[in-house]
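This report concerns only the one structure given below.
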Amino acid sequence: DRSQASEVDEASASSNSEASSWSDVQTPAIMASMATYTTDGKSILPLRPCVKDYAWGIRGLDSRVARYALESGIIDEVDPDCPYAELWIGTHPKGPSTLRDGKTLESVCGGLPFLFKVLSAGKTLSIQAHPDKSLAERLHTENPGAYGDSNHKPEMAVALTPFEAMCGFRRIEEIAILLKKHSEFAACIDTEAQLAIFVARDEDDQRVALKRLFTSFMSCPAEKSKSQLAALLERLQSEQGDHPHPHEEPPWERKCARAILRLAQQFPNDAGAMAPFFLNYLLIAPGESFFMAANEPHAYVAGEILECMACSDNVVRAGLTPKFKDVTNLVSMLTYSMGGPSIDGGTPAFGDSRIMRYTPPVPEFEVMVLTCNPGETLPMPPLKVPSVFIVIEGSGCTDNEDGQRLVMRPGRTYYVPPGCPPLVLSVNEAKRGPLRIAVAHENLHMHKPTVIPGAEGPSSWSGEFGGWKGQGQPPSAPPTPSGRTSSPRKEAKAAHKLPKEVLDKLTLGDFDGYRLWAVDGGAWGLGVAPRRERRFVVAKREQWRDLNSVIQVS
């Protein structure tokens with residue numbers, strides 16, 4: 001038996017003194033990871049998650065979902081042609097986790113307020129948003145076939161690999177540039193909506209303009225958008241082969257063009273391939289996370305993540321999918337806020353830097369990732385609420401006084417009852433890498449969220465003009481010694497006087513041949529054209545932080 005052999009192999013890797021303490025125990029006790037592990041009268045139960053295969057999943061053993069499913073015993077073998085997409089851990093009726101005896105997890109815990117997933121995305125998911133509670137109830141009542149429950153679905157993703165995603169609307173300045181540059185994109189939007197983009201001033205005007213643009217784009221006749229997409233692709237492909245000088249086109253525009261070409265290959269003739277023109281295109285590093293609140297547009301592009309959400313499967317789709325599209329509801333439900341989500345690196349928890357906590361501003365869930373290095377032990381934090389955990393990397397074990405051994409291998413999943421004494425993870429010093437597990441449970445740190453929508457998190461995306469921003473920046477330009485706010489032109493002149501090596505350290509990013517600098521500790525974002533036309537690029541004083549209304553002054 002492959003599973004039993006793995007238990008024995010793991011046991012033999014332990015130290016001699018450790019081996020002597022349990023070598024006489026009968027096989028059923030050694031095989032606790034395949035049955036029940038008891039600590040202080042509390043039973044930790046191995047789970048059989050539910051595996052989902054969707055067209056966008058990663059095929060065969062390349063998929064982390066497939067490997068985890070195989071280790072969990074859900075499948076006997078991996079089909080090399082099957083796109084293994086999601087692993088569900090929870091009590092949602094569309095994919096309930098079960099115990100080894102076939103009973104549902106819900107029969108033990110009475111239902112969990114969250115749904116924990118592993119996602120393996122090989123191609124782009126649909127352009128979508130998730131409804132808030134009131135909209136979810138209405139959609140479920142009106143169309144229960146498409147919206148199977150009445151719950152909202154805020155969600156948080158933690159990257160396991162480099163992860164690409166389109167999240168939130170671009171800044172209106174970026175969209176204006178793209179409308180000017182790409183006539184094919186502009187042709188899919190009516191003139192009034194385009195004009196609204198160019199004349200919008202304050203935030204309210206910009207939201208209205210953004211809604212008009214998105215509504216117009218989604219309402220464009222299929223034949224027209226299809227022909228414009230074909231023309232756009234032909235031009236972009238020819239430009240890709242021309243190899244323009246690196247300074248002729250800003251990096252963010254090149255990235256946008258490549259993303260469109262890639263999406264068009266995955267979804268031929270789907271106008272949704274132009275989504276990078278109005279959605280932020282982000283790359284998230286392993287260990288980083290982001291939170292998607294209700295009514296915010298997004299589309300995951302590629303990579304593997306942990307995903308935790310309220311216990312719901314409600315999705316309102318509008319493009320890049322053969323599934324049911326509900327454009328009317330999507331257009332009406334969005335908030336039309338600009339800029340992408342805050343990127344959260346997690347925060348150390350329970351006084352141990354090996355435990356990273358990811359806490360969203362919703363009560364249903366939070367996630368912890370625990371890392372135990374070779375030769376170390378790590379107690380799992382005691383929790384007063386039910387939790388589930390999955391081994392995501394490496395191997396290790398935990399023992400109890402009855403001689404039961406819980407062997408940790410990637411993909412094994414367990415339910416931990418509330419009030420259970422902490423398990424102590426251990427990794428043999430001979431191992432060549434750490435053990436990592438991910439724990440999901442009801443949010444116990446609502447008063448200490450690591451991500452706050454609409455506020456500046458550890459690093460948040462303020463658009464291609466603004467790039468990543470950190471915490472602790474002032475809300476307005478710093479006052480001069482006299483108490484007056486310093487002027488953009490004076491700050492620009494001050495920037496000119498700084499030594500080159502200082503300027504390089506202050507550089508935040510580039511766009512359209514300009515450089516953005518943080519002068520006086522991040523007080524101003526501005527730049528100077530390095531080419532023929534020397535123009536200052538400054539931000540309105542009241543909006544510099546977001547670089548939300550960039551203007552060029554000759």
Side-chain angles (χ1 to χ4, degrees), residues 51-69 78-88 117-130 155-170 229 233 236-237 240 251-292 296-309 315 317-323 340-341 343-344 392-393 410 438 461 464 468:
V51 66
K52 303 284 187 177
D53 58 278
Y54 302 131
W56 50 262
I58 296 177
R59 298 199 307 166
L61 280 168
D62 288 337
S63 169
R64 190 180 297 253
V65 168
R67 300 193 300 271
Y68 287 0
V78 173
D79 182 349
D81 294 320
C82 180
Y84 295 93
E86 296 184 351
L87 195 73
W88 290 24
K117 295 182 181 180
V118 178
L119 264 68
S120 294
K123 59 187 293 188
T124 307
L125 282 68
S126 60
I127 300 172
Q128 59 184 251
H130 304 300
E155 63 185 27
M156 180 174 65
V158 181
L160 296 173
T161 66
F163 189 72
E164 300 171 70
M166 294 185 287
C167 300
F169 284 107
R170 288 185 179 276
L229 175 62
L233 295 176
L236 292 181
Q237 287 166 349
Q240 292 289 310
W252 72 272
E253 291 189 32
R254 294 199 300 272
K255 179 173 67 174
C256 182
R258 290 197 301 269
I260 291 170
L261 291 172
R262 180 176 172 187
L263 294 177
Q265 287 182 335
Q266 296 178 4
F267 299 93
N269 302 321
D270 191 326
M274 286 191 264
F277 282 149
F278 50 82
L279 296 181
N280 297 292
Y281 199 95
L282 307 180
L283 177 62
I284 313 300
E288 293 181 337
S289 77
F290 59 91
F291 172 74
M292 293 306 304
E296 297 294 345
H298 58 282
Y300 297 161
V301 177
E304 296 182 298
I305 58 172
L306 295 168
E307 189 179 35
C308 202
M309 62 204 70
V315 181
R317 302 179 181 89
L320 300 179
T321 180
K323 296 182 180 179
I343 305 302
D344 174 23
I392 55 177
E393 181 182 333
W461 184 248
E464 301 290 354
W468 298 104

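As the structure is a prediction and not an experimental result, all values here were calculated from the model. Positions are given from 1 along the sequence.
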Might you point out which heavy atoms bring Y68 and L87 nearest each other, and give the distance in Å? CB-CD2, 3.8 Å
Rounded to the nearest 0.5 Å, what's the gap from CG on L282 to CD1 on I343? Could you check? 6.0 Å
Return yes if some donor-acceptor pair links the side-chain N/O of E307 with the main-chain N/O of L119 below 3.5 Å, else return no. no
Measure from the side-chain N and O atoms of S289 to the backbone N and O of D344, and report whether any donor-acceptor pair falls under 3.5 Å. yes
Can a donor-acceptor pair be found, under 3.5 Å and without considering hydrogens, that links the side chain of Y84 to the backbone of R67? no
Looking only at non-hydrogen atoms, find the nearest pair between I305 and A159 and report the distance. CG2-CA, 3.8 Å
Give the intermediate values and the outcome of side chain to side chain contact (heavy atoms under 4.5 Å, CB included) for residues M156 and F291. CA-CA 4 Å; M156 180 174 65; F291 172 74; 4.3 Å; yes
Just wondering, do R170 and F278 contact through their side chains at under 4.5 Å, heavy atoms? no
Supply the atom-to-atom distance E296 CD to H130 NE2, rounded to the nearest 0.5 angstrom. 11.0 Å
Worked verdict on C256 versus F277 for side chain to side chain contact (heavy atoms under 4.5 Å, CB included): CA-CA 7 Å; C256 182; F277 282 149; 3.6 Å; yes
Pair V65, E86 - check side chain to side chain contact (heavy atoms under 4.5 Å, CB included), show working. CA-CA 6 Å; V65 168; E86 296 184 351; 5.5 Å; no
Of all the heavy-atom pairs spanning R64 and E304, show the shortest one and how long it is. N-OE2, 2.7 Å
Specify the closest pair of heavy atoms between P341 and C167, including all atoms of both residues, with the distance to one decimal. CD-CB, 3.5 Å
At what distance, to the nearest 0.5 angstrom, does CD1 of I260 lie from OH of Y281? 10.5 Å
Could you walk me through whether K117 and M309 pass the side chain to side chain contact (heavy atoms under 4.5 Å, CB included) test, one step at a time? CA-CA 9 Å; K117 295 182 181 180; M309 62 204 70; 3.6 Å; yes
Output the distance between atom SG (C82) and atom OH (Y54), rounded to the nearest 0.5 Å. 11.5 Å
So which heavy atom on L263 is nearest to which on A273, and how close? CD1-O, 3.8 Å
What closest approach, in Å, do L320 and M166 show between heavy atoms, and which atom pair accounts for it? CD1-CE, 4.2 Å
For residues F163 and Y300, establish whether the separation of their ring centroids is below 6.0 Å. yes
For T321, enumerate each residue passing the side chain to side chain contact (heavy atoms under 4.5 Å, CB included) test, keeping only those at least two apart in sequence or located in another chain. S126, R317, K323, K325
Within this structure, what is the OG1-CG distance for the pair T124 and D270, rounded to the nearest 0.5 Å? 10.5 Å
H298 and Q128, any side-chain heavy atoms less than 4.5 Å apart: yes
Residue set satisfying side chain to side chain contact (heavy atoms under 4.5 Å, CB included) with N269, at least two apart, ordered chain then number -> K226
